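Data block below; observations after.
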Amino acid sequence: MPRRLYTGAGLFLLALAGFFVLLWQLQVSAGAAYYQKSQRSIAQIEEVPAARGKLLDRRGNILAQDRGTWSLIPQEDSPDLARLRRLCREEGVEWSGGAIADPPDRLLARVQEEGLEGVRFLQTVRREGSGTLAPHLLGRVGAMSQEEWAQYEPLGYALDDTVGKEGAEQAFESLLHGTPGTRVVERDRAGRITNRRYAQDPQPGQDVTLTLDRSLQQALQEALGEFLQSHPQASAVSAVVLDVRDGGVLAMASLPGYDTETFSSQYQALSQDPAHPLLNRAMQGLYAPGSTFKLVTAAAALEEGIVTPETEILDTGRYTYYKTPQPQCWLYREEGRTHGLETLSQALADSCNVYFFDAGRRLGIETLNRYARALGLGEETGIELAGEQTGVVAGPAYTQGLGQTWYEGSVLSAAIGQENNRFTPLQLAHMTATLVGGGERRQVHLLKKCGGEIYTPQSLGRVPLAPENLEAIKAGMLSLTQEGSLSTAFRDLPVEAGAKTGSAQVAGEEFANGVLVAFAPYEEPEVALAVVAEQGGSGSALGGIAAAVLGAWFGDKGTR
């Protein structure tokens with residue numbers, strides 16, 4: 001037993017001696033060297049922002065991306081400020097004493113080279129958008145509000161993180177947002193960086209490919225801008241172009257618009273502008289559809305057996321079924337003439353009110369509204385962007401909710417797109433795409449793919465449309481572009497297209513709103529669009545916009 005005790009004590013003394021030897025080496029033998037190294041190197045921990053994912057169009061063109069920049073942060077009362085001022089002057093940089101954001105590379109290099117201790121380097125990331133290209137659709141990024149902080153804090157965001165504020169930037173925030181990293185930066189006593197190393201690598205956000213086509217978007221905006229210039233009475237114009245085959249948004253525009261690059265500096269003026277440039281009219285503006293709604297009445301009347309493609313109805317000029325109201329056809333009201341006997345296709349081409357008064361009365365408002373909703377009117381389209389208006393399908397409940405009276409004869413004006421019918425251009429394009437696409441109502445979407453995974457939109461329902469009934473509707477729309485009021489505008493298109501126009505008078509306004517919907521090609525529809533011009537007059541005046549868009553798409557077909 002004593003022998004074991006002596007052995008344990010000996011081992012303990014040996015370990016203690018080794019510890020003292022190591023301590024002597026660290027503090028006495030090498031202490032001076034370690035002290036000098038600590039004086040030579042000062043370590044700082046910096047947060048490294050993560051790159052936000054890019055927004056790309058359907059062909060891979062960059063719509064928005066991050067650009068890494070540096071800022072120089074001078075310390076107040078530093079003796080190096082005079083030297084910094086001299087360097088700025090020599091490099092042609094105006095400096096008023098605060099932080100220098102995004103300085104030239106030469107200035108950065110010279111400040112680092114001279115080792116100015118009173119100047120700190122701060123790495124930042126700046127989002128570069130597409131300026132005036134699709135600002136409402138793409139959106140922007142900015143600092144979080146208090147409400148947004150409450151939403152994003154549980155997700156691990158830092159208080160000074162930027163987030164998507166509107167449009168696609170907001171809709172796909174969870175995909176685009178990256179995870180910041182940390183970096184250790186060592187400097188000598190002169191402030192020069194001697195070493196950099198990552199403690200945690202930043203994780204960039206994912207790139208998001210949209211259904212948007214950049215060149216088509218540009219063509220659309222140019223066409224809308226030219227319309228406003230040539231029609232000074234029009235106060236605003238908006239349009240949506242959809243892919244009939246999958247519901248993807250190919251282009252969406254609302255004018256007047258704004259520039260995302262100058263949004264912050266111009267916000268006060270933009271928010272007070274009576275033209276409301278911040279409003280995305282394409283999905284937030286509500287408009288009476290006018291005669292474009294006759295497409296819904298036509299589909300319902302055909303499918304419910306009220307009429308057939310061959311049924312002829314006599315245009316009597318004034319519809320006298322009810323004692324009151326007795327509304328007139330536009331041709332009778334304006335010229336005192338009638339269209340005579342017309343089939344459904346002819347009535348669509350001529351926009352004969354009497355034909356659709358009769359069809360709407362025989363359908364009844366409940367059946368008419370059922371088809372309107374099934375085709376996408378008064379319903380959410382499924383688009384990922386926030387703020388979509390769902391619109392109003394005219395009917396007794398809505399009218400009575402306004403404290404007004406719904407009469408049996410009110411169905412007549414509802415059947416031609418009047419009464420309280422109010423829809424967005426997006427919904428009108430969605431209705432057109434659903435109709436010419438054979439009745440399949442596909443979710444409208446902006447996401448095409450992310451991380452190599454292609455997005456699959458949902459089906460929102462189906463309207464049974466017999467082929468012969470759909471052909472009768474399309475034939476009426478084709479006649480309008482081949483022989484009717486749109487024939488001149490559509491004459492040189494590389495494909496055949498169908499369209500329907502409308503106009504709706506707004507109380508207190510001298511000019512009516514112009515409305516137009518269209519699709520192409522005729523045989524196998526790929527594209528559907530809707531255009532609305534506030535105080536634009538007749539829908540026929542919008543034919544140039546539709547033709548320009550369709551020409552841009554199908555004229556450049558080989559690159560898509």
Side-chain angles (χ1 to χ4, degrees), residues 231 233-234 287-298 300-301 307 311-322 324-363 368 394 409-423 428 473 475-489 498-518 530-543 546:
H231 295 76
Q233 85 282 359
Y287 305 95
S291 291
T292 62
F293 190 84
K294 291 173 182 175
L295 297 173
V296 176
T297 306
V307 298
T311 299
E312 292 183 324
I313 294 178
L314 178 65
D315 175 11
T316 55
R318 183 187 300 274
Y319 192 69
T320 59
Y321 182 87
Y322 295 108
T324 184
Q326 293 188 348
Q328 301 173 5
C329 183
W330 67 269
L331 184 61
Y332 184 78
R333 184 178 62 249
E334 294 181 8
E335 301 180 18
R337 299 188 295 116
T338 72
H339 294 108
L341 283 170
E342 292 208 307
T343 65
L344 183 134
S345 296
Q346 293 170 333
L348 280 175
D350 294 334
S351 202
C352 178
N353 287 349
V354 170
Y355 190 103
F356 293 99
F357 288 151
D358 194 59
R361 176 189 64 80
R362 294 161 66 187
L363 281 166
L368 187 62
S410 297
V411 69
L412 303 182
S413 55
I416 64 167
Q418 303 297 335
E419 272 298 323
N420 288 315
N421 282 311
R422 296 291 185 275
F423 310 116
L428 292 174
I473 294 173
M477 299 176 75
L478 177 66
S479 181
L480 189 63
T481 66
Q482 300 299 304
E483 305 166 0
S485 60
L486 296 177
S487 59
T488 300
K500 185 73 189 80
T501 59
S503 61
Q505 192 67 46
V506 180
E509 299 291 352
E510 180 180 357
F511 298 96
N513 290 343
V515 187
L516 179 147
V517 297
V531 186
V532 177
E534 295 180 14
Q535 301 181 65
S538 169
S540 298
L542 307 179

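Position 1 is the first residue of the sequence, and the numbers go up from there. Heavy atoms only: backbone and side chains are in, while hydrogens, waters and symmetry mates are out. Fair warning: this is a prediction, and the values are worked out from it, not measured in the lab.
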Legend entry - Nearest-0.5 Å distance that lies between atom CG in L480 and atom OG in S485: 4.5 Å

Inset, instruction - Could you tell me the separation between the CE atom of M477 and the NZ atom of K500, rounded to the nearest 0.5 Å? - result: 8.5 Å

Inset, instruction - Please report the shortest heavy-atom distance between F356 and A298, naming the atom on each side. - result: CE2-CB, 4.0 Å

Legend entry - Side chains of T320 and Q326, donor plus acceptor under 3.5 Å: no

Inset, instruction - Examine distances only and state if a side-chain atom of S351 and a backbone atom of L348 form a donor-acceptor pair shorter than 3.5 Å. - result: no

Legend entry - salt bridge (Lys or Arg N to Asp or Glu O under 4.0 Å) against R362, all qualifying residues, sequence neighbours excluded: D358

Inset, instruction - Drop me the distance from L412's CG to Q418's CD, to the nearest 0.5 angstrom. - result: 12.0 Å

Inset, instruction - Report yes if the side chains of R318 and F357 come closer than 4.5 Å at any heavy-atom pair, otherwise no. - result: no

Inset, instruction - Could you tell me the separation between the CZ atom of F293 and the CZ atom of F423, rounded to the nearest 0.5 Å? - result: 5.5 Å

Legend entry - Heavy-atom donor-acceptor pair, S479 side chain to G476 backbone, under 3.5 Å: no

Legend entry - CD on Q328 to CD on E334, rounded to 0.5 Å: 10.5 Å

Inset, instruction - Take I473 and L344 through the side chain to side chain contact (heavy atoms under 4.5 Å, CB included) test and state the conclusion after the steps. - result: CA-CA 7 Å; I473 294 173; L344 183 134; 4.1 Å; yes

Legend entry - For the student: nearest non-hydrogen atoms of L516 and G539, plus distance: CD1-O, 3.7 Å

Inset, instruction - Work out which heavy atom in A288 is nearest to a heavy atom in A504; give both atom names and the distance. - result: CB-CB, 3.6 Å

Inset, instruction - Specify the closest pair of heavy atoms between E342 and Y355, including all atoms of both residues, with the distance to one decimal. - result: O-CE1, 3.2 Å

Inset, instruction - Evaluate the side-chain proximity of V515 to Y287: yes if any heavy-atom separation is below 4.5 Å, no if none is. - result: no

Legend entry - Gap separating the CD atom of Q535 from the OG atom of S503, nearest 0.5 angstrom: 13.5 Å

Inset, instruction - Mark yes or no for whether N421, through its side chain, and A394, through its backbone, hold a donor-acceptor pair below 3.5 Å. - result: yes

Legend entry - Over all atoms of both residues, closest heavy-atom pair of L486 and A499: CD1-CB, 3.5 Å

Legend entry - Those residues that, when tested against A359, pass side-chain contact (heavy atoms from CB on, under 4.5 Å) (two or more places apart): T297, A301

Legend entry - Closest non-hydrogen atom pair between T343 and E312, with its separation: CG2-CG, 3.9 Å

Legend entry - Test item: side-chain donor near acceptor, R361 and Y322, under 3.5 Å: no

Legend entry - Set of residues satisfying salt bridge (Lys or Arg N to Asp or Glu O under 4.0 Å) with respect to E335, sequence neighbours excluded: R337

Inset, instruction - Apply side chain to side chain contact (heavy atoms under 4.5 Å, CB included) to K294 and N353, showing your working. - result: CA-CA 9 Å; K294 291 173 182 175; N353 287 349; 2.7 Å; yes

Inset, instruction - Go through the steps to decide whether V354 and T338 satisfy the test side chain to side chain contact (heavy atoms under 4.5 Å, CB included), and finish with yes or no. - result: CA-CA 9 Å; V354 170; T338 72; over 6 Å; no

Inset, instruction - Using a 4.5 Å cut-off on heavy atoms from C-beta on, say whether the side chain of V411 contacts that of E419. - result: no

